[in-house]
Amino acid sequence: MAGSTDLALEIRGISKAYGRFPALKNVSLQAKEKEFLALLGPSGSGKTTLLRVLAGLEHPDEGEVRFGGEDFLALPVRRRKVGMVFQHYALFRHMTVAQNIAFGLTVRKASERPSKSEITDRVADLLSLVQLDDLGKRYPSQLSGGQRQRVALARALAIEPKMLLLDEPFGALDAQVRRELRRWLRELHDRAGVTTVFVTHDQEEALDLADRVAILSEGELIQLGAPNAVYEAPATPFVFDFLGAACRMPGTVVGDRLTIGDWETQASKGAPQGVVEVFFRPDEVAFAPADGAGLAAEIRAVAQRGPDVRIEAMVNGQLLELQAHGPTLPIGVGEGLSVRIRPMRPQVYAAS
Amino acid sequence: MSLVLERPRMPGIAPLLVLASVLVMASLVILPLVLVFHDALAKGLPPFLAALREPDAIAAIKLTLLVAAIAVPLNAVFGVAAAWCIAKFDFRGRSFLLTLIDLPFSISPVVSGLVWVLLFGAQGLFGGFLAEHDIKIIFAVPGLVLATVLVTFPFVARELIPLMQEQGADEEIAALTLGASGFTVFRRVTLPNIQWALLYGVLLCNARAMGEFGAVSVVSGHIRGLTNTLPLHVEVLYNDYDAVGAFAAASLLAGLGIVTLVLKTALEWRHAGDLASGRKH
């Protein structure tokens with residue numbers, strides 16, 4: 001975060017329904033100035049609707065949006081000065097790259113419009129910012145997907161937006177390009193210093209890019225926090241599941257002791273009492289010999305899958321799919337062997 | 001190109017089918033076309049030119065141009081507006097509007113003419129009111145324009161709707177967020193994206209507007225030199241056994257058809273990507 005702690009964006013109690021289908025239910029969240037905020041959720045979670053409310057493309061039924069103290073909902077789209085980037089680029093197909101980037105400047109009123117030479121200079125600056133210096137005269141159809149999305153970003157930045165809104169900007173790109181652009185976008189954000197709201201359904205992308213992640217489900221904000229905080233302490237089973245692969249087992253909590261199967265351990269602080277559901281990541285498991293501490297497990301199958309090893313283990317009458325990294329297997333693990341496993345960071349939720 | 005290359009080779013019977021279809025086309029389309037010009041020039045060039053210089057013929061040509069000059073721009077504006085609503089917005093009654101636009105395609109042109117007579121004719125709904133105020137619609141230019149507008153109004157809209165639906169509204173939304181006003185968005189983003197399809201639609205609309213017979217015939221009254229458009233002029237002359245005159249006028253319409261066809265093909269060839277893919281004409 002770039003030092004500043006001023007609140008830039010304040011969203012309060014936003015609700016929006018399409019007919020009888022509620023798309024957003026009483027969502028409140030804030031973003032600091034120059035913060036990179038990710039809205040993460042499965043499709044239908046309301047994340048895109050929220051972004052469209054910020055852009056002014058949807059009007060909420062209830063609630064308030066302020067930006068820098070100003071009532072944002074009272075402003076029409078064109079006066080909000082938000083730079084928007086779309087999944088399918090939405091470049092003007094009949095204009096060159098340079099004309100695309102200049103568009104936001106050329107449509108200003110004559111009194112506010114920069115001179116032609118200023119616009120040319122600004123376009124050149126932006127082209128070099130997005131590393132497309134020589135492509136100003138090309139048309140969008142002559143560019144690759146990654147290049148198009150960089151043009152779209154340059155076009156959005158040209159109007160010196162108060163806020164950047166990105167709607168699944170890498171959704172249409174292949175994995176390799178997506179990863180490269182992700183790093184590049186973060187650098188660009190840090191350099192441009194614009195408050196950014198980023199919509200994605202890709203948890204890896206959100207955790208990798210954002211200062212804070214807001215997780216939405218069925219129109220509700222479930223959890224908001226820094227990527228690590230969210231990943232390490234998911235608020236609900238849904239969040240745990242959504243952020244990565246999950247193993248789940250039944251357990252019980254009595255006092256400060258957690259029992260899973262034949263294994264008893266210290267329960268985390270504030271864990272619910274009684275019958276619980278225990279979640280842990282399949283790769284956050286320590287293996288121990290059969291006479292050590294942990295849950296008794298019988299290894300059923302071991303398979304190398306790219307950089308990972310997939311281990312199928314029968315634990316407490318339940319088949320779990322565990323995961324280990326690296327070229328060598330954890331000591332003592334082999335098909336048909338009995339071991340003990342110990343989830344390193346079990347998360348406990350009240351049984352539903 | 002690759003699509004053409006991937007087409008399967010024709011089996012042995014195919015050349016025969018091609019030959020058959022060429023023969024059918026020749027006898028149904030090319031032969032009559034040649035005959036029109038042949039009969040028009042049957043007595044040599046001077047009678048042909050004289051038939052076209054005759055005052056009634058000139059009046060018919062002028063009237064046809066006038067009607068098209070009013071009806072085509074009206075339908076271009078209407079078509080763009082309707083296509084814009086239907087393609088870029090979702091609203092109640094959207095599919096009803098679509099059906100309404102298609103209506104002139106599905107009803108007989110005679111009916112399209114007759115409705116105006118029922119509304120504005122001497123015995124029509126507003127006939128008395130119009131007579132009192134001395135406003136002439138039926139058997140006058142306004143009637144011809146109304147009938148032509150009604151018959152030709154699907155052409156532009158039908159051409160634009162699939163294209164605009166395919167293009168979506170993302171570019172317009174992007175332009176709005178960049179600070180453009182609604183009109184600027186239309187002028188600088190929407191219009192350039194549909195210009196070739198619009199031209200294509202206008203071309204078809206114009207060909208039909210100039211060639212329309214049925215609807216115009218009902219409202220025209222066939223007053224020579226006053227309310228006869230070119231197609232009606234052809235009919236009048238033909239009924240008078242003036243073959244050269246009728247075919248001379250008809251050759252103008254045929255010429256218009258050929259020019260339209262050439263322009264249409266040129267557009268399809270040069271700007272195929274800018275026209276809607278699922279064409280239905």
Side-chain angles (χ1 to χ4, degrees), chain A residues 18-19 48 51-52 54-58 75-96 99-109 112-113 139-141 148-149 151-169 172, chain B residues 1-3 80 83-85 87-95 159-201 267-277:
Chain A
Y18 296 108
T48 298
L51 194 80
R52 289 173 66 87
L54 296 182
L57 302 168
E58 300 279 357
L75 295 175
V77 185
R78 52 185 290 240
R79 303 214 189 285
R80 291 195 188 190
K81 284 195 84 173
V82 294
M84 192 148 177
V85 174
F86 301 81
Q87 181 174 3
H88 297 290
Y89 327 120
L91 294 176
F92 306 128
R93 66 193 85 198
H94 64 279
M95 295 185 204
T96 63
Q99 287 169 335
N100 262 283
I101 297 173
F103 184 86
L105 301 173
T106 58
V107 297
R108 286 190 189 164
K109 276 187 296 191
E112 294 165 18
R113 189 164 48 214
Y139 283 89
S141 59
R148 285 185 211 187
Q149 203 53 296
V151 174
L153 258 163
R155 180 178 70 175
L157 288 171
I159 60 166
E160 289 169 332
K162 295 179 193 164
M163 185 161 57
L164 255 185
L165 302 176
L166 309 168
D167 187 5
E168 307 229 10
Chain B
M1 279 311 276
S2 59
L3 252 171
V80 170
W84 163 280
C85 298
K88 309 275 176 182
F89 302 96
D90 215 359
F91 53 91
R92 200 174 290 198
R94 187 166 160 274
S95 54
E159 203 53 50
L160 294 181
I161 289 167
L163 178 71
M164 288 170 95
Q165 275 175 334
E166 187 187 303
Q167 289 178 345
D170 271 7
E171 285 182 45
E172 278 85 358
I173 292 171
L176 273 181
T177 63
L178 291 167
S181 65
F183 182 69
T184 307
V185 173
F186 177 73
R187 190 174 56 86
R188 294 202 38 196
V189 177
T190 309
L191 206 51
N193 278 350
I194 58 167
Q195 56 187 352
W196 295 113
L198 179 59
L199 191 60
Y200 191 100
L267 267 179
E268 277 168 3
W269 186 59
R270 286 281 308 274
H271 301 283
D274 296 320
L275 300 173
S277 40

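Residue numbering restarts at 1 for every chain, and letters A, B, ... go by the order of the sequence lines. All values derive from a computational prediction rather than experimental measurement.
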Novice: Sort Arg108(A) into side chain, backbone, both or neither according to what part of it lies under 4.5 angstrom from a heavy atom of chain B.
Specialist: neither
Novice: If you look at every heavy atom in Thr184(B) and Val107(A), which pair is closest and at what distance?
Specialist: CG2-CG1, 3.7 Å
Novice: If I measure from the heavy atoms of chain B, does Leu165(A) come under 4.5 Å with its side chain, its backbone, both, or neither?
Specialist: neither
Novice: Using the rule side chain to side chain contact (heavy atoms under 4.5 Å, CB included), only one of Arg78(A), Lys81(A), Met84(A) pairs with Thr177(B); which is it?
Specialist: Met84(A)
Novice: What are the two closest non-hydrogen atoms of Ala174(B) and Arg155(A), and how far apart are they?
Specialist: CB-NH2, 3.4 Å
Novice: Can you confirm whether more than 12 heavy atoms, excluding those of Arg94(B), are under 6.0 Å from its CZ atom?
Specialist: yes
Novice: Let me know if Arg80(A) has heavy atoms under 4.5 Å from chain B in its side chain, its backbone, both or neither.
Specialist: neither
Novice: Examine whether an atom of Ala169(B) lies under 4.5 Å from a heavy atom of chain A, and if so say whether it belongs to the side chain, the backbone or both; otherwise answer neither.
Specialist: neither
Novice: Counting only non-hydrogen atoms closer than 4.5 Å, does Phe92(A) touch chain B with its backbone (N, CA, C, O), its side chain (CB onward), both, or neither?
Specialist: both
Novice: For the atom pair NE2 (His94(A)) and CD (Gln195(B)), what is the distance rounded to the nearest 0.5 Å?
Specialist: 8.0 Å
Novice: Does a sphere of radius 6.0 Å around CZ in Arg79(A) hold more than 12 heavy atoms from other residues, nucleotides or ligands, not counting ones at 6.0 Å or beyond?
Specialist: no
Novice: Please check if atom CZ in Phe183(B) has more than 12 non-hydrogen atoms from other residues, nucleotides or ligands closer than 6.0 Å.
Specialist: no
Novice: One pair to check against side-chain contact (heavy atoms from CB on, under 4.5 Å): Asp170(B) and Gln87(A). What are the steps and the verdict?
Specialist: CA-CA 10 Å; Asp170(B) 271 7; Gln87(A) 181 174 3; over 6 Å; no
Novice: Checking heavy atoms, do the side chain of Ala152(A), its backbone, both or neither come under 4.5 Å from chain B?
Specialist: neither
Novice: Indicate the atoms forming the closest heavy-atom contact of Leu91(A) with Glu171(B), along with that distance.
Specialist: O-CD, 3.2 Å
Novice: Does some side-chain heavy atom of Arg93(A) sit less than 4.5 Å from a side-chain heavy atom of Gln167(B)?
Specialist: yes
Novice: Hey, could you give me the CD1/CG distance between Ile101(A) and Leu178(B), rounded to the nearest 0.5 Å?
Specialist: 11.0 Å
